There are 2 protein chains.
Amino acid sequence: MQTRADPPRVVVIGGGFGGLSAARALRKVRAHVTLVDRRNYHVFQPLLYQVATAGLSPGDIASPIRWVLRRQPRLKVLLGEVRSVDTSARLVQLADGEPLAYDYLIVAAGAIDSYFGHDEWRRVAPGLKTLEDGLEIRRRVLLAFERAERAADAETQRRLLTFVVIGGGPTGVELAGALAEIARHTLAHEYRSVNTRAARIVLLEGGPDVLAAFPAPLRAAAARDLARLGVEVRTGVLVTHVGAGLVEAGAERFEAGTVLWAAGVAASPLGRTLGAPVDRTGRVLVRPGLSIPDHPEVFVIGDLAAFVTARRDDGRPVLLPGVAQVAMQEAVHAVRTIERAMAGKPSEPFRYRDYGNLATIGRASAIADFGWLRLTGWPAWVAWLFIHIMKLTGFRNRVLVLVQWAWAYFTYQRSVRLITGTAASRDVMGD
Amino acid sequence: MQTRADPPRVVVIGGGFGGLSAARALRKVRAHVTLVDRRNYHVFQPLLYQVATAGLSPGDIASPIRWVLRRQPRLKVLLGEVRSVDTSARLVQLADGEPLAYDYLIVAAGAIDSYFGHDEWRRVAPGLKTLEDGLEIRRRVLLAFERAERAADAETQRRLLTFVVIGGGPTGVELAGALAEIARHTLAHEYRSVNTRAARIVLLEGGPDVLAAFPAPLRAAAARDLARLGVEVRTGVLVTHVGAGLVEAGAERFEAGTVLWAAGVAASPLGRTLGAPVDRTGRVLVRPGLSIPDHPEVFVIGDLAAFVTARRDDGRPVLLPGVAQVAMQEAVHAVRTIERAMAGKPSEPFRYRDYGNLATIGRASAIADFGWLRLTGWPAWVAWLFIHIMKLTGFRNRVLVLVQWAWAYFTYQRSVRLITGTAASRDVMGD
């Protein structure tokens with residue numbers, strides 16, 4: 001394969017951080033590259049919670065994949081849904097249309113929400129993985145306040161103004177913090193029959209701490225900031241039932257008009273079609289060079305890959321976290337390995353460089369762990385803001401997000417408070 | 001009623017230009033005001049076509065009604081769907097919940113698309129009245145290019161890259177012009193298998209001219225600009241059939257992947273529940289003071305009202321057009337009449353002041369008719385741009401739209417090119 005005269009065909013599955021970084025890194029490689037995604041756009045996931053909480057528009061954090069890669073004339077972007085990979089025939093099977101043949105394959109299909117075997121919870125408690133998820137959460141949150149305004153009795157109002165967020169990772173904390181700000185500030189003067197400031201926001205975490213990936217002093221700072229915002233944080237709480245208007249965690253019951261899910265992820269089902277070993281959540285156990293066993297031409301990167309960095313005392317593996325920087329560094333390594341293979345050189349093991357970890361709680365409140373430097377409060381928030389603006393795809397998006405954040409900072413407003421989507425559109429659009 | 005000690009209850013139905021202007025004008029009136037709309041936001045309709053053509057986000061042209069009216073503490077905003085009005089009992093019936101009692105009523109429920117008795121055309125050819133309509137059109141237009149890129153044969157590509165816009169009013173012209181710009185400029189370098197520049201955009205108009213409301217020299221300028229953009233304009237063409245992928249107009253057939261409807265409006269069905277006479281399209285025939293016969297306390301304004309200004313030679317009435325400035329002036333007149341009634345004074349006839357008429361065709365291309373001044377090309381476009389920015393609701397929206405227009409002007413980009421919605425979300429969201 002490496003000695004053919006024709007440039008090799010490289011297929012990249014997925015237009016997230018991993019896939020897009022791979023496509024960009026391939027720009028200097030003499031190869032026919034095809035990137036396939038079922039969406040025509042890349043989403044800047046770290047700001048998805050701002051779409052869900054009416055701070056930004058979907059268009060502000062998403063960029064058309066074609067546009068991002070427009071300067072790579074030999075790269076082809078395909079809108080299509082990948083069903084499976086036939087690693088022995090080296091074919092990517094699409095839901096519709098001809099299969100794609102490849103010489104090298106980079107699979108970056110990402111993760112989906114996991115309800116730990118309780119898929120019936122999904123309807124009640126939407127997760128936050130896609131733009132549509134974000135718009136659905138926005139719709140539910142805003143509708144809860146509208147319904148409370150129209151509710152006849154205090155009991156119903158109380159239930160409608162109770163929001164339960166399940167999962168105390170960065171997404172759960174961001175959602176809970178933003179909900180508290182919406183209730184206490186943004187909407188405080190706009191309702192007549194209901195006091196939005198009295199809204200109850202509960203954050204449930206199964207482990208002993210929220211933001212468990214951070215060191216103890218930073219976790220403590222985050223907990224203080226959440227308390228200051230009036231978020232009830234319950235740790236060590238395992239959810240046993242999620243039903244319409246009700247969350248049960250053992251003996252505890254929460255009557256909540258809105259329940260959001262930020263508790264678990266599972267790998268894309270595509271991983272199981274590769275014929276490689278997967279872990280309990282479906283992540284593909286990759287080799288040190290990010291390829292899969294017996295197929296040095298197939299790489300799995302990002303949230304779909306289980307890359308073991310160490311073993312715990314009990315033998316359980318320590319994996320790289322499912323964050324953008326891991327996916328992006330893995331993408332570059334996979335492309336470099338393809339280049340080496342084309343030159344007849346062997347694969348090298350992947351090594352992750354951790355540049356730091358940030359999480360935001362709310363206005364002027366965040367935590368940042370750069371290893372050599374730890375920040376909380378305002379300085380951490382400024383670091384968070386600066387880094388996110390810089391990493392956002394496209395100059396236009398950066399300007400738009402900056403304008404809106406400045407506006408939000410000075411006015412406490414979240415201006416994309418539109419209740420759009422399913423229920424309403426069915427009426428209007430006649431289907 | 002006018003002599004009661006309690007302030008009267010005024011109900012406003014609709015949060016469009018008419019309803020919102022009425023609510024604002026009521027701020028100085030000693031009355032309990034309730035505005036009810038089935039959406040929680042006001043849409044700046046003149047820029048809806050930019051949402052449909054990926055130039056702006058829904059959030060850029062919409063504002064939460066509550067936020068717009070937040071400084072009126074005695075005004076209540078209600079999210080609800082009005083089913084009918086019982087003018088004898090003075091009650092507004094909601095689809096869910098208690099009816100609203102009123103002493104004065106302002107009905108500004110607006111218009112919907114009309115398919116001239118062919119409601120089966122709606123599925124094939126969506127109209128452009130709501131944000132959801134705009135997103136649906138955006139989805140179809142962008143998907144057509146994606147499908148063309150994946151199409152196997154030239155015949156299919158040609159069909160997928162044919163866009164038919166039915167209706168040569170301002171909306172039809174704006175859509176056709178924007179589609180031409182998308183195909184010839186925005187997407188020109190991003191596809192590999194298909195030449196988007198070869199796309200065919202057809203604008204069908206039943207009457208003898210597009211933009212018939214404008215004087216002949218301006219119509220001619222608009223026709224020239226459309227031709228320059230490569231839009232095929234067909235006038236005097238009556239559509240006889242709209243089916244999947246096919247539009248028939250008499251003997252002419254257009255095989256088109258995408259068909260858009262901008263041909264006709266009908267009044268909101270709410271008008272027929274008032275018990276007042278309506279015209280053929282369901283508009284309520286209002287009295288000279290904008291109230292309905294026998295009910296001086298009920299006003300109908302905006303697109304729902306048929307206000308006769310004159311009669312043609314054949315006896316047919318000349319009506320005020322369905323534009324924002326008519327609705328807004330009528331709103332102010334209705335509120336003034338309520339104030340006069342509260343002071344025991346009689347109603348006065350409404351008089352419309354026409355400040356001018358604008359339509360845009362594309363980049364640096366528009367026509368403007370201010371009566372004393374007619375503009376075409378670049379000057380008209382600058383006037384159009386300036387007026388629309390000024391009239392947009394909210395300072396934030398103005399800044400965001402300006403940033404995006406500047407970006408679009410210099411790059412030819414339309415950055416909200418996201419294929420979101422129904423088809424895709426069903427997969428992802430698990431319902």
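Keep in mind the model is a prediction, meaning the values are calculated, not measured. By convention in this document, chain letters (A, B, ...) are assigned in the order of the sequence lines, proteins followed by strands, and residues within each chain are numbered from 1.
Within the 4.5 Å cutoff, the side chain of B:T420 has heavy atoms near those of the A:Y41 side chain. Residues B:V265 and B:D303 have side chains not in contact (no heavy-atom distance under 4.5 Å, counting atoms from C-beta outward). Within the 4.5 Å cutoff, the side chain of A:L260 has heavy atoms near those of the A:T258 side chain.
Taking B:A62, B:P73, B:G394 one by one and counting their heavy-atom pairs under 4.5 Å with chain A, the maximum is reached by B:P73. Counting heavy-atom pairs closer than 4.5 Å to chain B, the top-ranked of the candidates A:R417, A:H189, A:R70 is A:R417. The candidate with the highest count of non-hydrogen atom pairs below 4.5 Å against chain B, out of A:A54, A:P58, A:A406, A:S415, is A:S415. Among the candidates A:S57, A:G59, A:S63, A:P64, the residue making the largest number of heavy-atom pairs closer than 4.5 Å to chain B is A:P64. When the candidates B:N40, B:T411, B:V399, B:D60 are compared by the number of heavy-atom contacts under 4.5 Å with chain A, B:N40 comes out ahead. Listed options B:D113, B:L75, B:L69 were ranked by heavy-atom pairs under 4.5 angstrom with chain A; first place goes to B:L75.
Screening A:L418, A:L143, A:T53 for a side-chain contact (heavy atoms from CB on, under 4.5 Å) involving A:R138 leaves a single residue, A:L418.
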Query raised in the report: Is there a salt bridge (Lys or Arg N to Asp or Glu O under 4.0 Å) between B:E146 and B:R150 once you walk through the steps?
Result: CA-CA 7 Å; B:E146 293 298 332; B:R150 284 192 53 181; over 6 Å; no
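The part of A:W407 that comes within reach of chain B is its side chain, from C-beta onward, which places non-hydrogen atoms under 4.5 angstrom from that chain. Using a 4.5 Å cut-off between heavy atoms, B:I65 does not touch chain A at all. Using a 4.5 Å cut-off between heavy atoms, A:L56 makes no contact with chain B at all. For chain B, no part of A:I61 is nearby; none of its heavy atoms comes within less than 4.5 Å. With a 4.5 angstrom heavy-atom cutoff, A:R192 touches chain B only via side-chain atoms. Using a 4.5 Å cut-off between heavy atoms, A:Q72 touches chain B through its backbone atoms (N, CA, C, O) alone. Contacts between A:D96 and chain B at a heavy-atom distance below 4.5 Å involve backbone atoms as well as side-chain atoms. The contact between A:L131 and chain B is made entirely by side chain atoms (from C-beta outward), counting heavy-atom distances below 4.5 Å.
Side-chain atoms of A:R66 come within 3.5 Å of backbone N or O of B:E190 as a donor-acceptor pair.
Annotation for A:R398: atom CZ counts as buried by contact number, over 12 foreign heavy atoms lying within 6.0 Å.
Judged purely by distance below 3.5 Å, without hydrogens or angles, the side chains of A:Q413 and B:R396 never pair a donor atom with an acceptor atom.
By the 30° and 60° cut-offs, the orientation of the rings of B:F145 relative to B:Y191 is tilted.
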